[in-house]
Amino acid sequence: MAKSMRNLLYAGVALTFLSVSAHGQDRRLFYDQISLVEEPLATQLGDTTLSLRGSVELPVQISTTSKKAEFGFRGAFEVKAETQLENSLKVAASYAAEYDYLNSDQFTDKVILSASGFLGSLYVGNVSDMLRENLARKSGVGNADLAYDGNWGQLGRWSVAHLSRHGPFRTGLAVDEDGKFELGFVFQRPVQTLEHKYSLRLTHGEFTPSGTTSGFDTLSAEGVAELIYGSSTFSLSAGLERLKGPLSDGDRWFISGGAQTKIGVVSLSADAQYGQLDGQGALSAALGARYDIARGASVNLGVNYKNADVILDGVQLRKDDDVVEGVLSLRYDF
């Protein structure tokens with residue numbers, strides 16, 4: 001046990017150093033895009049298991065704003081060290097990073113330390129969006145990217161999260177370094193030929209518009225309903241969010257829905273979203289497709305639309321004028 005804990009401690013220190021020395025952005029890591037069909041590469045180091053998974057992608061994008069083809073590169077990986085102690089407690093340390101040359105050279109990284117036992121799982125690090133990843137609507141396939149979806153307010157970069165399961169129920173709580181929090185509940189179980197999933201998420205966070213340094217304090221509630229039938233998923237979400245500005249408050253409501261399915265080697269998805277903040281609308285839609293060429297290799301397509309002009313206290317929160325973009329890429333997951 002001492003040897004496995006020592007190995008894990010070394011891994012955790014190294015991962016923490018990597019995270020501190022790297023520059024993080026607000027863009028979320030989409031872990032479901034890392035190694036979609038492959039099991040992670042793994043090796044044993046004493047009582048500790050080291051695993052690696054990742055994805056490399058070559059995209060080309062055309063949009064109504066640039067009106068020309070833009071070529072890029074995307075890469076993502078996650079390295080993880082985990083072991084099980086004599087008391088059955090599972091402890092792990094992981095580091096994940098994503099680089100997107102297509103979107104203004106964005107680099108995002110995350111470091112997570114965790115411990116799991118009969119009382120649930122405790123996570124420390126960059127886990128602010130963990131509840132969102134587990135409770136929000138399932139994202140579209142391929143290069144589908146639904147803008148404005150869900151609540152806009154988020155937690156800070158560093159936080160603590162706890163997830164637990166009680167039969168068909170799961171609960172979660174995340175608290176960041178500023179005391180802002182996210183609380184979630186989910187119920188999921190099969191009923192005859194359908195898998196039912198219903199979740200509720202309450203978030204007290206902060207929203208910082210692009211290009212600004214001042215944030216808006218937010219309080220939101222969002223509910224999600226999903227039905228899974230075979231290889232098809234149908235989902236619907238709706239929510240309310242209050243944004244507190246320095247001069248006035250704004251109330252926002254939003255609703256989104258979508259469907260996706262897999263037919264042989266082809267996966268398809270369609271999603272749409274509409275919301276209003278004090279009568280100012282934000283509309284978006286996304287179509288996605290993925291064709292599996294071989295084990296780990298796929299061709300991905302996305303056609304995304306967004307249109308919004310939302311202002312609060314003189315600050316432009318969202319601004320897109322009927323933007324349509326298409327993204328085609330070749331991806332390899334390992």
Colleague: Any non-hydrogen side-chain atom of N304 less than 4.5 Å from a side-chain atom of V323?
Modeller: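 They are not in side-chain contact.
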Colleague: With no hydrogens and no angle check, do the side chains of T203 and E182 hold a donor and an acceptor under 3.5 Å apart?
Modeller: yes
Colleague: Please test S164 against T171 for side chain to side chain donor-acceptor pair (under 3.5 Å), starting from the C-alpha separation and ending with a verdict.
Modeller: CA-CA 5 Å; S164 62; T171 61; 2.8 Å; yes
Colleague: Does the separation of the ring centres of F169 and F187 fall below 6.0 angstrom?
Modeller: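 Yes; F187 has its ring centre under 6.0 Å from that of F169.
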Colleague: Would you call D292 and K262 a salt bridge, using N to O less than 4.0 angstrom?
Modeller: yes
Colleague: Are any non-hydrogen side-chain atoms of L155 and E177 less than 4.5 angstrom apart?
Modeller: no
Colleague: Testing the 3.5 Å rule here: is there a donor-acceptor pair between the side chains of Q316 and D309?
Modeller: yes
Colleague: I'd like to know whether Q188 forms a side chain to side chain donor-acceptor pair (under 3.5 Å) with E195, so could you lay out the CA-CA distance, the side-chain angles of the two residues, the decisive distance to 0.1 Å, and finally the verdict.
Modeller: CA-CA 7 Å; Q188 184 174 3; E195 178 94 5; 3.3 Å; yes
Colleague: Linking I/L/V/M/F/W/Y whenever their side-chain heavy atoms sit closer than 4.5 Å, directly or via other members, would L240 and L283 fall into one cluster?
Modeller: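 Yes, same cluster.
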Colleague: Kindly determine whether D47 and T83 satisfy side chain to side chain donor-acceptor pair (under 3.5 Å), including the steps that lead there.
Modeller: CA-CA 6 Å; D47 296 328; T83 189; 5.7 Å; no
Colleague: For F216, what are the other residues in its hydrophobic cluster, where any two members join if their side-chain heavy atoms are less than 4.5 angstrom apart?
Modeller: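 Members besides F216, by chain and number: Y148, W152, F207, L243, L277, V310, L312, V315, L317.
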Colleague: Atom OG1 in T43, atom CG in L52: separation rounded to 0.5 Å?
Modeller: 11.5 Å
Colleague: Show, in sequence, the C-alpha distance, side-chain angles and deciding distance for R318 and D320, and conclude whether the salt bridge (Lys or Arg N to Asp or Glu O under 4.0 Å) test is met.
Modeller: CA-CA 7 Å; R318 301 290 192 183; D320 295 291; over 6 Å; no
Colleague: Does the side chain of N151 pick up a donor-acceptor pair with the side chain of R252 at under 3.5 Å?
Modeller: no
Colleague: Give the cluster check for L330 versus F71: same hydrophobic cluster or not, with ILVMFWY residues linked at side-chain heavy-atom distances below 4.5 Å.
Modeller: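 L330 and F71: one cluster.
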Colleague: To the nearest 0.5 Å, what is the distance between CZ (R53) and CG (L41)?
Modeller: 11.5 Å
Colleague: Determine, for K180 against D217, whether the closest basic-nitrogen to carboxylate-oxygen distance falls under 4.0 angstrom.
Modeller: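 Result for this pair is yes, salt bridge flagged.
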Colleague: Quick one: which of L301, V299, V60, N143 gives a side-chain contact (heavy atoms from CB on, under 4.5 Å) with S329?
Modeller: N143
Colleague: Please determine if R137 and D271 form a salt bridge, counting it only when a charged side-chain N lies under 4.0 Å from a carboxylate O.
Modeller: yes
Colleague: Any chance the side chains of D333 and S55 put a donor and an acceptor closer than 3.5 Å?
Modeller: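 Short answer, yes.
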Colleague: Output the distance between atom CG (D251) and atom CZ (R242), rounded to the nearest 0.5 Å.
Modeller: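 With rounding to 0.5 Å, CG (D251) is 4.0 Å from CZ (R242).
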Colleague: What's the spacing between S199 OG and N134 CG if we round to 0.5 Å?
Modeller: 10.0 Å
Colleague: So F334 and Y332, would you call those rings parallel, tilted or perpendicular, with 30° and 60° as cut-offs?
Modeller: parallel
Colleague: Quick one: side-chain hydrogen bond (donor to acceptor under 3.5 Å, both in side chains) partners of D313, sequence neighbours excluded?
Modeller: S248
Colleague: Is it true that the side chains of S128 and D176 contain a donor and an acceptor less than 3.5 Å apart?
Modeller: no
Colleague: Are W253 and L146 connected in a single hydrophobic cluster, I mean Ile/Leu/Val/Met/Phe/Trp/Tyr linked by side-chain heavy atoms less than 4.5 Å apart?
Modeller: no
Colleague: Begin with the C-alpha distance, continue with both residues' side-chain angles, and end with the deciding distance and a verdict on side chain to side chain contact (heavy atoms under 4.5 Å, CB included) for V186 and K197.
Modeller: CA-CA 7 Å; V186 61; K197 180 181 177 180; 3.9 Å; yes
Colleague: Examine distances only and state if a side-chain atom of H204 and a backbone atom of Q154 form a donor-acceptor pair shorter than 3.5 Å.
Modeller: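 Here the side-chain-to-backbone pair does not exist.
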Colleague: Would you call R157 and D178 a salt bridge, taking side-chain N to carboxylate O under 4.0 Å as the test?
Modeller: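 The answer is no: the pair does not qualify as a salt bridge.
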Colleague: Can you find a side-chain donor-acceptor pair between S63 and T65 that sits under 3.5 Å?
Modeller: yes
Colleague: Are side-chain heavy atoms of V91 and E82 found at a separation under 4.5 Å?
Modeller: no
Colleague: State the OH-CG distance between Y291 and L268, to the nearest 0.5 angstrom.
Modeller: 12.5 Å
Colleague: Looking at K244 and D249, does any basic side-chain N land under 4.0 Å from a carboxylate oxygen?
Modeller: no
Colleague: For the residue pair L58 and F73, establish whether any side-chain heavy-atom pair is separated by less than 4.5 Å.
Modeller: yes
Colleague: Are K138 and E226 close enough that some pair of their side-chain heavy atoms sits under 4.5 Å apart?
Modeller: yes
Colleague: Can you check side chain to side chain donor-acceptor pair (under 3.5 Å) on D322 and Y305, steps first, answer last?
Modeller: CA-CA 7 Å; D322 290 318; Y305 168 81; 2.4 Å; yes
Colleague: Are any non-hydrogen side-chain atoms of V175 and V160 less than 4.5 angstrom apart?
Modeller: no
Colleague: Can you hop from F254 to L200 via hydrophobic side chains spaced under 4.5 Å?
Modeller: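 No, F254 does not connect to L200 through the hydrophobic network.
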Colleague: Test E325 against Q61 for side chain to side chain contact (heavy atoms under 4.5 Å, CB included), laying out the working first.
Modeller: CA-CA 7 Å; E325 69 174 18; Q61 175 178 291; 3.7 Å; yes
Colleague: Is it true that T49 and Q44 share a donor-acceptor pair across their side chains at a distance under 3.5 Å?
Modeller: yes
Colleague: Mind checking whether R74 and V56 have side chains closer than 4.5 Å, heavy atoms only?
Modeller: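 No, every pair of side-chain atoms sits at 4.5 Å or beyond.
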Colleague: Given side chains that start at C-beta, do those of P190 and H196 come closer than 4.5 Å, heavy atoms only?
Modeller: no
Colleague: Could you walk me through whether L131 and L163 pass the side chain to side chain contact (heavy atoms under 4.5 Å, CB included) check?
Modeller: CA-CA 8 Å; L131 266 65; L163 299 177; 3.7 Å; yes
Colleague: Rounded at 0.5 Å granularity, tell me how far CZ in R170 sits from CZ in R165.
Modeller: 5.0 Å
